[in-house]
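We're numbering straight along the sequence, starting at 1.
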Amino acid sequence: MIASSIRKIALDTETTGVDWANGDRIIEIACIEIFPAQSTPKTFHALINPDCEIDESGTAIHGYTWADLCAKPMFSEIAADFLEFVSGAELIIHNAAFDIEFLNTELERLGFPSIESICSITCTLTLARGLYPTQSNSINALCERLGINIPSTHPWTMQDAVLVGDIYIALNCVET
């Protein structure tokens, strides 16, 4: 059961590609504060100019092109607001290792501490694998298994953050 006074924030990102070590960058961050029974209207959302081309496979996933993002703020311009929003919270992330590597790379470029030094991290993929070790544990598979409705709304990243929060709440109910 979820019982904590620590703020919980579901987070999702989109990136230019899948390899942070070879220069792929964050292009979108979405966060929503969650509680045991509901999501609250406290959110953070930013589209980000990655200052690099977007991999075609990335565009195929999220739909963003360089033209969509070239006039958006750089990560350096949203970093302080993002860190203020998440500071001290428990971040709930599906496949957290992926998002954390990208976030830490962006933060390190700016001289900020790692995200783990200002937030605790919970990975819903890890939680799901513990409960359903032989089944698919993608966001869509978990939503279907847990009876969570997947709306067709944009931005996709905010929708995924909401779904990750719902998955986290549902998985905590399954565990008890």
Side-chain angles (χ1 to χ4, degrees), residues 1-15 17-21 24-46 48 57-58 61-62 82-108 112-176:
M1 193 67 156
I2 304 168
S4 174
S5 60
I6 296 175
R7 287 176 61 229
K8 294 179 186 331
I9 297 173
L11 177 145
D12 190 45
T13 65
E14 292 297 340
T15 60
V18 297
D19 193 354
W20 59 270
D24 284 324
R25 308 284 299 266
I26 293 174
I27 59 170
E28 187 174 21
I29 299 175
C31 303
I32 185 163
E33 188 173 70
I34 61 170
F35 292 97
Q38 64 186 4
S39 296
T40 69
K42 293 181 183 177
T43 63
F44 176 89
H45 179 255
I48 301 164
S57 62
I61 292 169
H62 48 63
F82 167 70
L83 291 173
E84 181 179 333
F85 185 80
V86 301
S87 184
E90 176 183 359
L91 297 181
I92 313 299
I93 308 171
H94 196 77
N95 193 14
F98 180 86
D99 296 273
I100 294 304
E101 291 290 0
F102 275 92
L103 286 168
N104 282 340
T105 299
E106 296 288 356
L107 293 170
E108 183 180 308
F112 286 109
S114 70
I115 197 73
E116 302 98 312
S117 69
I118 61 169
C119 298
S120 61
I121 310 295
T122 297
C123 180
T124 54
L125 180 58
T126 301
L127 292 174
R129 285 178 175 162
L131 291 168
Y132 310 108
T134 61
Q135 299 177 47
S136 171
N137 289 300
S138 67
I139 290 175
N140 286 352
L142 286 168
C143 286
E144 184 176 323
R145 186 176 310 124
L146 298 168
I148 297 168
N149 183 44
I150 302 174
S152 297
T153 59
H154 292 280
W156 297 113
T157 310
M158 185 57 81
Q159 173 183 292
D160 281 354
V162 170
L163 293 174
V164 167
D166 291 344
I167 288 167
Y168 173 76
I169 292 167
L171 289 175
N172 276 280
C173 290
V174 170
E175 288 183 315
T176 58

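- Counting all heavy atoms, side chain and backbone alike, G88 lies closest to C119 at N-SG, 4.4 Å.
- Every side chain to side chain donor-acceptor pair (under 3.5 Å) that S57 has, sequence neighbours left out, goes to D55.
- For the pair P113 and L107, the minimum side-chain heavy-atom distance is 4.5 Å or more.
- Among residues two or more places apart in sequence or in another chain, the ring pair (Phe, Tyr, Trp, His ring centres under 6.0 Å) test is passed with Y132 by none.
- For E101, the side chain to side chain donor-acceptor pair (under 3.5 Å) test picks out no residue, with sequence neighbours left out.
- Of all non-hydrogen atoms in R7 and S87, the two that sit nearest each other are NH1-O, 3.8 Å.
- Across N137 and A128, no two heavy atoms sit closer than the pair OD1-CB, 3.5 Å.
- For D12, the side chain to side chain donor-acceptor pair (under 3.5 Å) criterion is met by no residue, not counting sequence neighbours.
- R25 pairs by the salt bridge (Lys or Arg N to Asp or Glu O under 4.0 Å) definition with E106, not counting sequence neighbours.
- Qualifying salt bridge (Lys or Arg N to Asp or Glu O under 4.0 Å) partners for E14, counting only residues two or more places apart in sequence or in other chains: none.
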From CA spacing to verdict: side-chain hydrogen bond (donor to acceptor under 3.5 Å, both in side chains), T15, D24: CA-CA 7 Å; T15 60; D24 284 324; over 6 Å; no
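- Heavy atoms only, all atoms of each residue included: I9 and F85 are closest at CD1-O, 3.5 Å.
- Here the shortest heavy-atom pairing between V18 and F102 reads C-CZ, 3.9 Å.
- The nearest pair of heavy atoms linking L142 to H94 is CD1-CE1, 3.5 Å.
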Passes side-chain contact (heavy atoms from CB on, under 4.5 Å), L125 versus I139? Steps please. CA-CA 8 Å; L125 180 58; I139 290 175; over 6 Å; no
